[in-house]
Undergrad: 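The structure under discussion is supplied below as structure tokens; questions concerning it will follow.
Keep in mind it's a predicted model, so treat the numbers as computed, not measured.
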Amino acid sequence: MTEKTVEIQNTRATLETLYHISRELATALDLRTVLQRVLFLAMKHVGAMSGSIIVLDDRGQPVDSAIIHGVQLHEQTTHQLRVTLERGLAGWVIDNRQAAVVTDTSRDKRWVLRPDDAEDRTGPKSAVSAPLLAREKIVGVITLVHPQTGFFGMDHLELVQAIADQAGIAVLNARLYADSQRQARVMTALAETAAVINATLSLEEVFSRIMEQIEQALRVQAASLALIDQQSQKIVFKAATGWVGDEVIGTELDIGQGVAGWVVREGRGVVVPLVQNDHRFDPETDRRTGYTTRAIACAPIRLRGEVIGVLEAINPTSGVFDPDALLVLTGIGNLAGTAIRHAQLYESQQLAHRRYRELFEDSIDPIFITDLDGNILEANRRAEDTTGYSGSELARLRITDLHRQESHKLGDHLEKLKLADETITYESVLAARSGQIPIQVYTRPVDIDGVVHLQWILRDITERKNLDRLRDDLIAMVYHDLRSPLANVVSSLDVLKNMLTDVDDESSRSILKIAQRSTERIQRLTNSLLDVNRLNSGQPVQPQGPINLPELVRDAVEAVDLVLASKNQEMKISLPEELPAVVVDADMIRRVLINLLENSVKYTPSGGSIQVGARAIGDWVEVWVEDNGRGIPLSEQPNIFDKFSRVRNPDDNSQGLGLGLTFCRLAVEGHGGRIWVDSGPGKGSKFSFTLPVVRLTQPESMQSESTLPPGKA
């Protein structure tokens, strides 16, 4: 047989071999099947006794592999073959993009010697290796081995390269198919996880379902979940399943401690196939639980890009983690962050709601919740007990059916209340089934589940009213008991004054003057007490007129000049030359001025200044008393005109009943005017009030807007 005939026969055999290999590979898409067929066919036609094939991804990293020794197939060998990619024959082939033949593995530096290559075992071998190319990219490498040195030659090298060229496209297609299948499995697992863990808002149930999904998706013996405690900045284990169980729940780690701490600190997941060889692994948990961790996958739990915790999957049942394990665990971590936060917010809302319900139901005061029209939506037990109506009966009523509202504070249809940004309070009477009950009303808008409602607290002030009545009776009794002896004192002082007219004794006259001023002050006090009771009962003021206001002001200033001089204070009177006369009860308004002046003197330091002034505004005259004293806190100002109310100040040793400003308010309002204060801590105080220039023929509530007195309500 001629050499040419042999060459033709060899070529024909090669073509037939490649044809059969092409047919075999074209019928399979599963990557594992393709790898096995490529290896078996190559070994059969080249005569190799063992071989390996490694599949690479687009970054040149190994993603799958297979080894055949004799007729035995070895799987899950990718990690073992990494060393041959780093410094062995397969790595050289990939780096140089060309096939290579090694006739004696003991003499070639490209071959990584293993214990099995020793002389007393299998000894030197021959090997041939070729890259798997597809679309100009290396998708893998195949290596065939024979136990006899010099077995492989150039013919074998060409045949292996031809087989590799045929297998490249098949391996690439199978890898892409495996990638798509893996991505589909990942997406399916994540979709199932999302549906499962978001189906509940119970935090404990969310933890439990996350653990179940990790176990099912990654097929592991145990899983755990830990969150970062915002106060201690520790990683605290909240849930665990499998053999780690309840023993790790509550365990704390520092950020950076162990594999979980490293993941939290670095913000990225990791798979540790052999924890005993990894410096990040902390064996403390194994010592505490008595179990052995072999492999671990760890991924951060994220919420809006921020790491809030960590997930662990421990010891896969197959011995090694699937290539997509970290991708799945990372996806579960991203889903878990949102689900956990939703559950935390829901539980916080539920806790707040429970606390509100407890406060609502356990309150000692009746509480009502209404809509913006005043329809009662909810009432606590105390409201039912106090009103005598059942919950169903109250639900058919409006809050206006239970008490009289103050329209000037709330508006005719609660308009002012709807816009209020603070609590509005006033006194009223509750129409209970058992009778009328005096109440203090506190009302404000509240947001409930994103909808504005009105909250009404009705405090029973029956006891306070009874005490006020007793105090009023006591004051009235004191006034009447003082009236007769006080009149005798005044008469006696007048007699003494007449007796001392012809006596040249300045000191006696000075003492007499002090006594007269003091008795006048007692008279003003007793008259004010009487006026407070009289005005509170609704008795009208009997104005006189016309009254010269400047004379009234100077008379009031003269009444306080002695105490003014004792504190070395300056008094300024600012009155225009032409000031209209007013129609007032002169004695009553004189006492109003004296009360305001005495307050300014009392609360202004020595050497301070006080100013009293007036100006005409339409049909009214505005009068003011201003000082540069310590001022009145804003929180106290709404109540300073109330009966028995006094500004609370720990440094204030002054005494009083708290009726002076109450009398001023009642006296001014009795004339149809208004009184108010402008003040602030350290800024002094300015009390202003208005008096009518002409007699009012109608009550204030029936006046037109143009005739209302100027100033603040």
Undergrad: For a quick check under 3.5 Å, do Asp165 and Gln161 share a side-chain donor-acceptor pair by atom type?
TA: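 Distance-only check passes for Asp165 and Gln161.
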Undergrad: Tell me, do Leu56 and Gln61 make a side-chain contact under 4.5 Å, heavy atoms counted?
TA: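 Sidechains of Gln61 and Leu56: no contact.
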Undergrad: Heavy atoms only: give me the nearest Ala343-Ser202 pair and the separation to one decimal.
TA: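 Shortest heavy-atom contact: CB-C, 4.3 Å.
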Undergrad: Could you check whether atom CZ of Arg287 has more than 12 heavy atoms from other residues, nucleotides or ligands sitting under 6.0 Å from it?
TA: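 Check passes, neighbour count above 12.
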Undergrad: Any donor and acceptor pair, going by atom type alone, linking the side chain of His453 with main-chain N or O of Val451 inside 3.5 Å?
TA: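 Between the backbone of Val451 and the side chain of His453 there is a qualifying donor-acceptor contact (under 3.5 Å).
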Undergrad: When rounded to the nearest 0.5 angstrom, what is the spacing between CG in Leu329 and CG in Asn334?
TA: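 Nearest 0.5 Å value for the CG-CG distance: 10.0 Å.
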Undergrad: Short question: side chain of His156, backbone of Gly153 - any donor-acceptor pair under 3.5 Å?
TA: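 Confirmed, His156 side chain pairs with Gly153 backbone.
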Undergrad: Answer whether the closest heavy-atom distance between the side chains of Val271 and Phe321 falls below 4.5 Å.
TA: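 With C-beta onward as the side chain, the pair touches.
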Undergrad: Do Leu274 and Val272 come close enough that some side-chain heavy atom pair is under 4.5 Å?
TA: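 The answer is no; the side chains never approach within 4.5 Å.
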Undergrad: Rounded to the nearest 0.5 Å, how far does CD1 of Ile228 lie from CD1 of Ile235?
TA: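 So the CD1 of Ile235 and the CD1 of Ile228 are separated by 6.0 Å.
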Undergrad: Who pairs with Lys234 by salt bridge (Lys or Arg N to Asp or Glu O under 4.0 Å), at least two apart in sequence or on another chain?
TA: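 Only Asp254 meet the salt bridge (Lys or Arg N to Asp or Glu O under 4.0 Å) criterion with Lys234.
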Undergrad: Please say whether more than 12 non-hydrogen atoms of neighbouring residues, nucleotides or ligands are located less than 6.0 Å from CZ in Phe40.
TA: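 Atom CZ in Phe40 is packed in, count exceeds 12.
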Undergrad: Which pair of non-hydrogen atoms, one from Ala223 and one from Ile214, has the smallest distance, and what is that distance?
TA: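 Scanning both residues completely, I find the closest heavy atoms to be CB-CG2, 3.8 Å.
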Undergrad: If I take atom CG from residue Leu218 and atom CD from residue Gln221, how far apart are they, to the nearest 0.5 angstrom?
TA: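 Answer rounded to 0.5 Å: 13.0 Å.
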Undergrad: Report yes if some heavy atom in the side chain of Ser126 is under 4.5 Å from a heavy atom in the side chain of Val102; otherwise report no.
TA: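 No, side chains not in contact.
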Undergrad: Given 3.5 Å as the limit, does a donor-acceptor pair link the side chain of Lys125 with the main chain of Gly123, or not?
TA: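 Here the side-chain-to-backbone pair exists.
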Undergrad: I need the minimum non-hydrogen distance between Leu311 and Met211, along with the two atoms involved.
TA: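 Closest approach of Leu311 to Met211: CD2-CE, 4.4 Å.
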Undergrad: Measure the spacing between CG of Leu133 and CZ of Arg97 and express it to the nearest 0.5 Å.
TA: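 Interatomic distance, Leu133 CG to Arg97 CZ, rounded to 0.5 Å: 5.5 Å.
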Undergrad: Keeping Thr330 on the side-chain end and Leu326 on the backbone end, is there a donor-acceptor pair under 3.5 Å?
TA: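 Yes, the answer is positive, given that a donor and an acceptor are paired below the 3.5 Å cut-off.
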Undergrad: So how far is it from Leu85 CG to Ile54 CD1, rounded to the nearest 0.5 Å?
TA: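 That separation rounds to 4.0 Å.
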Undergrad: Ignoring hydrogens and geometry, is there a side-chain-to-backbone donor-acceptor pair from Asn96 to Trp92 under 3.5 Å?
TA: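 Yes, the answer is positive, given that a donor and an acceptor are paired below the 3.5 Å cut-off.
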Undergrad: Going through the checks in order, is the side chain to side chain contact (heavy atoms under 4.5 Å, CB included) test met by Phe152 and Val101?
TA: CA-CA 7 Å; Phe152 294 123; Val101 63; 3.7 Å; yes
Undergrad: If we ignore hydrogens and angles and just use 3.5 Å, is the side chain of Thr443 paired with the main-chain N or O of Gln455 as donor and acceptor?
TA: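 Judged by distance alone, yes, a pair lies under 3.5 Å.
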Undergrad: With a 3.5 Å cut-off and no angle check, do the side chains of Thr105 and Asp108 form a donor-acceptor pair?
TA: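 Result is no, nothing qualifies.
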Undergrad: What's the spacing between Leu144 CG and Leu39 CG if we round to 0.5 Å?
TA: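 Going from the CG atom of Leu144 to the CG atom of Leu39 covers 7.0 Å.
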Undergrad: I'd like to know whether Arg341 forms a side chain to side chain contact (heavy atoms under 4.5 Å, CB included) with Arg304, so could you lay out the CA-CA distance, the side-chain angles of the two residues, the decisive distance to 0.1 Å, and finally the verdict.
TA: CA-CA 11 Å; Arg341 182 51 52 88; Arg304 294 190 290 273; 4.2 Å; yes
Undergrad: Would you find a donor on one side and an acceptor on the other, under 3.5 Å apart, between the side chain of Asn315 and the backbone of Arg294?
TA: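 Yes.
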Undergrad: Using side chain to side chain contact (heavy atoms under 4.5 Å, CB included), reason through Val220 and Thr317 one step at a time and then give a plain yes or no.
TA: CA-CA 5 Å; Val220 291; Thr317 55; 6.0 Å; no
Undergrad: So Thr338 and Arg302, do their side chains get closer than 4.5 Å, heavy atoms only?
TA: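 They are not in side-chain contact.
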Undergrad: Which heavy atom of Ser52 sits nearest a heavy atom of Ile67, and at what distance?
TA: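 Of all heavy-atom pairs spanning Ser52 and Ile67, the closest is CB-CG1, 3.9 Å.
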Undergrad: Salt bridge or not between Glu205 and Arg209? Use side-chain N to carboxylate O under 4.0 Å.
TA: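 The answer is yes: the pair qualifies as a salt bridge.
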Undergrad: Find out whether Glu312 and Ser224 are in side-chain contact, i.e. whether some heavy atom of one side chain is under 4.5 Å from a heavy atom of the other.
TA: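 They are in side-chain contact.
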Undergrad: Provide the closest heavy-atom pair for Val275 versus Phe281 in the form atom of the first, atom of the second, distance.
TA: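 That closest heavy-atom pairing would be O-CB, 3.5 Å.
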Undergrad: Give a yes or no answer on whether the side chain of Asp229 reaches the backbone of Glu252 with a donor-acceptor pair at less than 3.5 Å.
TA: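 Checking the backbone N and O of Glu252 against the side chain of Asp229, no donor-acceptor pair under 3.5 Å is found.
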Undergrad: Measuring only between side-chain heavy atoms, which start at C-beta, is Val112 closer than 4.5 Å to Arg87?
TA: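 With C-beta onward as the side chain, the pair touches.
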Undergrad: Looking at every non-hydrogen atom in both residues, tell me the closest pair between Val263 and Ala299 and how far apart they are.
TA: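 The pair with the smallest heavy-atom distance is CG1-C, 3.8 Å.
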Undergrad: Determine the interplanar angle of the Phe151 and His146 rings, folded into 0 to 90°, and report it as parallel if under 30°, tilted if 30 to 60°, perpendicular if over 60°.
TA: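 Phe151 and His146: parallel rings.
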Undergrad: Any chance you could lay out the side chain to side chain contact (heavy atoms under 4.5 Å, CB included) test for Leu454 and Arg444, step after step, and finish with the verdict?
TA: CA-CA 6 Å; Leu454 301 179; Arg444 66 187 180 97; over 6 Å; no
Undergrad: Do the non-hydrogen side-chain atoms of Gln344 and Leu203 ever get within less than 4.5 Å of each other?
TA: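 Yes; the side chains approach each other to less than 4.5 Å.
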